[in-house]
Amino acid sequence: MAASSSSHALLVQQPLRPSSPLPCKRTHLVAPLRLKTRLATISCTAIQSPLVSPSVATGRIFNFAAGPATLPESVILKAQAELYNYHGSGMSIMEMSHRGKEFDAVIKKAESDLRLLLGISDDYAVLFLQGGATTQFAAVPLNLCAPGDSADFVVTGSWGDKAFKEAQKFCKANLIWSGKSEKYTKIPAFDGLEQNPDAKFLHICANETIHGVEFKNYPSPSNKNKILVADMSSNFCSKPVDVSKFGLIYAGAQKNVGPSGVTIVIVRKDLIGNAQPITPVMLDYKIHADSASLYNTPPCFALYICALVFEDLLEQGGLAGVEKKNQKKAGILYDTIDESNGYYVCPVEKSVRSLMNVPFTLKKSDLEKKFIEEAAKEGMVQLKGHRSVGGVRASIYNAMPFAGVEKLVAFMKDFQARHP
Ligand code: PMP
C-alpha cells in the first residue's frame, strides 16, 4: 500500500495494521483513491488457506454475534475503498440525495439482485423499510387484517411470541400452538395444527434466533385466504426459499444481509392496499410500494451495504451454494456438541436445529463464563447466550467463514480436555 502523509489517508489506513496486506477473497486492485495531490492505491493479496485467522493479518476477529452480525470481509473492504469518493462523485454515499442518480442505481440494483437471489416474481413487491422486524409485528396485522379479523400464530420461540403479542393490538390473534412449555425446542407436526378457517394469515418465525429452532419446511395455511406470513430475520438469504408459498416475508437485515436499519418486506401485490384506516403512513405497504421504498428518506448507507451483500451472494453462485456452506459449518458444530459425551448439550430437537444460531450449554454450567472468556481471548467473541436463556450461542450466519467454526470446534475440544 502506498504510504501517504495526507490526513485523508488515515481514512483508509487506520483500520489496518501498518504494512499488513489487505485480505480479500480475490486478488484485485481497488480503484486509485485521489488524496489531494497524491495518489494511493490499495492492493489486496489473496488469503490462500481458509485456516488463516483473520486476526493474524488484520486485527479482525471471529464474531459470533446474533445481530448486528459479521459481514463478508470483501463487502467491508469494498465499502471502505468506495467510502471517501463514491464512484468519482466527490462525496460518500452517505452524503448524497436519496433521489440522485447514484443512490437510485444502488436501490434498484439491490432490488433486482434480491429478486434474482430468491427468484421473486413480479407478483410480489419488494420493500426496503425501517423500524426493524419489530415494527412488522404491528405492520403485518395492520395491513392484512380489518380490526375484527383473526390471524393464527404458531409460536416456536421468543420472537414469534412477540409478534403474537403485538398483533393482539390490531386483530384477533389466535395462538394455535406454542412451544413455551417445552422451552421452545420443537416445531409441531403440521397436520395436527388447528387452524382457523377465517384467519387472514398464519404466522411463523422461520428461525428463532434465541432458541435456535428453524422450520425446515413450512405449514400450508388452511385458512380460506391461504396466506402464510414468515419472519425470516435470522435466516433470510441463508438458503433458497420458494417465495410463492408465502403471502408475506419480512426480515431485519442485520443478521445475514447488512447492517441494522433496513427491514425487507416481500409481499404479494394483491395483499397491498387494504391497510386499516389508523395505519401510520410509515407502516402502510401501499405508500411504500407506490413510491418504490422512497416515500421518505431511506437508510441510504445501510441499504448500500445490503446491495453489496446481495451482489456478493450472487457472485458466490447464489443461495443453493450458500446453503451447502451453511450446512457444512453447522454440521461440524453440532457434531462436536453431540460427540462430547454430554459435556456440551444442545437442547433443540435434532430435526429442527438452526443452521444459523446454535445454542448450547455446558454440563458444568459454572464453566460457561470461563468458556466465553477464554474463547474471546482466542479471538472468538459474542458467544454468550441471549440474556433470557443464558448458556452459549454461536451465530454462524452466511458471512462467518468455515475457518471461524473450525476454530471454535477446535477450541471446544481443547476446553473439554483441559476441564474434564
Ligand atoms: N425477529 C427475529 C427472528 C429476530 O431475531 C429479531 C432480532 N433479533 C427480531 C425479530 C427483531 O428485530 P429488530 O431488532 O430488527 O426489530
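All of these numbers come straight from a predicted model, not from anything done at the bench. As the structure lists them, so they are numbered: ligands from 1, and atoms in each ligand from 1.
For Gly252, the heavy-atom gap to ligand 1 stays at 4.0 angstrom or more. Distances shorter than 4.0 angstrom do not occur between any heavy atom of Thr135 and any atom of ligand 1.
Within the structure, the ring-ring contact (aromatic ring centres under 6.0 Å, His included) test picks out the following pairs touching residues 249-280 (sequence neighbours left out): His203-Tyr250.
For the side chain to side chain donor-acceptor pair (under 3.5 Å) criterion with Asn207, the lone passing option out of Ser354, Ser238, Ser233 is Ser354. Between Phe153 and the options Trp159, Phe137, Phe164, a ring pair (Phe, Tyr, Trp, His ring centres under 6.0 Å) holds for only Phe164.
In terms of polar-atom proximity, Ser234 is not counted as a contact of ligand 1, lacking any N or O under 3.5 Å from an N or O of the ligand. When only interatomic distances are considered, the shortest N/O to N/O separation between Gly131 and ligand 1 does not fall below 3.5 Å. For a threshold of 3.5 Å applied to N or O pairs, the pair formed by Gln254 and ligand 1 contains at least one separation below that value.
By the criterion of a heavy-atom distance under 4.0 Å, neither the backbone nor the side chain of Lys162 is placed next to ligand 1. Contact annotation for Cys205 and ligand 1: only side-chain heavy atoms (C-beta onward) come within less than 4.0 Å of the ligand.
Taking each of Phe137, Phe236, Tyr250, Trp159 in turn, the one with a heavy atom nearest to atom 2 (C) of ligand 1 proves to be Trp159.
Under the 4.0 Å criterion applied to side-chain N and carboxylate O atoms, Glu214 and Lys216 are assigned as salt-bridge partners.
Numbered from 1 in the order shown, with element, the atoms of ligand 1 that lie under 4.0 Å from a heavy atom of Thr209 read 2 (C), 3 (C), 4 (C), 5 (O).
Put simply, the side chain of Cys237 reaches to within 4.5 Å of the side chain of Leu118, judged on heavy atoms.
Nearest protein heavy-atom contact of atom 8 (N) of ligand 1 is Lys255 NZ, 2.9 Å. For atom 16 (O) of ligand 1, the nearest protein heavy atom (residue, atom name, distance) is Thr134 OG1, 2.5 Å.
To the nearest 0.5 angstrom, Ser178 atom OG is 6.5 Å from Asp161 atom CG. The distance from the CG atom of Leu408 to the CZ atom of Phe415 is 12.0 Å, given to the nearest 0.5 Å.
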